There are 2 protein chains.
Amino acid sequence: MLDNIYKENAKVFKAFSDENRLMILELLRNGEKCACVILEDLNIVQSTLSYHMEILCESGIVCGRKEGKWTHYSLSEKGCKYAKNLLTDLTTVSN
Amino acid sequence: MLDNIYKENAKVFKAFSDENRLMILELLRNGEKCACVILEDLNIVQSTLSYHMEILCESGIVCGRKEGKWTHYSLSEKGCKYAKNLLTDLTTVSN
DNA sequence: AACATATATCGAAAATATTAGATATGAGGT
DNA sequence: ACCTCATATCTAATATTTTCGATATATGTT
């Protein structure tokens, strides 16, 4: 499945293209947060949050850390940098 | 419709989250291109291209310029900068 | 072992996005 | 005025994403 680099890159931006996920990212800007805390701030049920966290983690921009019953999420510096570089590449006029 | 800034921002990234649109952006990195030229390089029909160009223009990252029968598209420096700043904001840990 | 809590996964419904064909519009050319 | 070409718009079909409720899993507590 190395077929399509465009599809791969599109996936990174898909992570940013949902309003609930943008709200989640905003919460994570203030540091690591437990899923249960994120859930309180959003108007979605638990399984839906889990779905969004999966997408954010899959895309690499968020990291999950399990600790006992809880999962703590935080922005991945590496993943965020990757996304930023990608966006810069895509929008820089070549010469 | 000032209701949701998150939805607005998500729209910007949606423009980047389709493989055909990423291919189009790559073509535009080499400078302004006529729709008919873009069409030759992609495996989609004309109406589908028109749909994608609409999304790219709506999001502000691409500009269209009509000249006679043709429409020429190019990256919008302003729109691209906006997207980059937005991504940086979203992924910067606050202190 | 039984229970409670936090989160993940599954399955189906609802919402949204993408696609292509048909048709419309608008600019030139004859 | 008619024709052709480039692009946009409309409509309907299909594909993908998002959502929720139900259930599963895994951890800690009594």
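Small disclaimer: the values here were computed from a predicted structure and weren't measured. Every chain is numbered from 1, with letters handed out A, B, ... down the list of sequences.
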With nearest nucleotide decided by heavy atoms, which residue, I44(A) or E67(A), maps closer to the 5′ end of DNA chain D? I44(A)
Write down the distance between CZ (F13(A)) and P (dT17(D)), rounded to a whole number of angstrom. 16 Å
Integer-rounded Å distance: dT19(C) P and E54(B) CD: 15 Å
What nucleotide among dT18(C), dT18(D), dA8(C) has an atom nearest to a side-chain atom of Q46(A)? dA8(C)
Would you say K66(A) places a side-chain N or O within less than 4.0 Å of OP1 or OP2 belonging to dT7(C)? no
Proximity to the side chain of W70(B) - top-ranked nucleotide from dA6(C), dA8(C), dA6(D): dA6(D)
More than 12 heavy atoms from other groups under 6.0 Å of CD on E32(B): yes
Spacing between E19(A) atom CD and dT17(D) atom P, to the nearest angstrom: 17 Å
Between dT17(D), dA6(D), dT19(D), spot the one nearest the side chain of N20(A), thanks. dT19(D)
Please determine whether a side-chain nitrogen of the Lys or Arg among E67(B) and R65(B) lies less than 4.0 Å from a carboxylate oxygen of the Asp or Glu. yes
Mapping S47(A) and Y51(A) onto DNA chain D by nearest heavy atom, which one lands closer to the 5' end? Y51(A)
Would you tell me if any nitrogen or oxygen in the side chain of N43(B) comes within less than 4.0 Å of OP1 or OP2 on dT19(C)? no
With a cut-off of less than 4.0 Å, is there a side-chain N or O of T71(A) near OP1 or OP2 of dA8(C)? yes
Side chain of S50(B) only, heavy atoms from C-beta on: which candidate in dA8(C), dT18(C), dA8(D) is closest? dA8(D)
Could you give the CD1-to-C1' distance, from I38(B) to dA6(D), as a whole number of Å? 13 Å
Given dA17(C), is OP1 or OP2 found less than 4.0 Å from the side-chain N or O atoms of H52(B)? no
How is T48(B) classified with respect to the nucleic acid when contacts are heavy atoms under 4.0 Å: base, sugar-phosphate, or nothing? base
Starting at CE of M53(A) and ending at P of dA6(C), how long is that distance when rounded to a whole Å? 17 Å
Check the distance between dC3(D)'s P and K69(B)'s NZ and give it to me in whole angstrom. 16 Å
Whole-Å gap separating P (dA15(D)) and CG (D18(B)): 16 Å
Does S59(B) reach the side chain of K11(B), with side-chain heavy atoms less than 4.5 Å apart? no
Nearest-Å distance for atom pair CD1/P, residues I55(A) and dT16(D): 14 Å
Which of these nucleotides, dG21(D), dA8(C), dT19(C), is closest to any side-chain atom of V45(A)? dG21(D)
Can I55(B) be reached from F16(B) by stepping across I, L, V, M, F, W or Y side chains whose heavy atoms are under 4.5 Å apart? no
How is L39(A) classified with respect to the nucleic acid when contacts are heavy atoms under 4.0 Å: base, sugar-phosphate, or nothing? nothing
I want to check one thing: is the phosphate of dT17(D), taken as OP1 and OP2, less than 4.0 Å away from some side-chain N or O of K14(A)? yes
Heavy-atom side-chain proximity of K84(A) to L87(B) below 4.5 angstrom: yes
Partner of Y73(A) by side chain to side chain contact (heavy atoms under 4.5 Å, CB included), out of L56(A), I24(A), L28(A): L28(A)
Contact class for L49(A) (heavy atom, under 4.0 Å): base, sugar-phosphate, or nothing? nothing
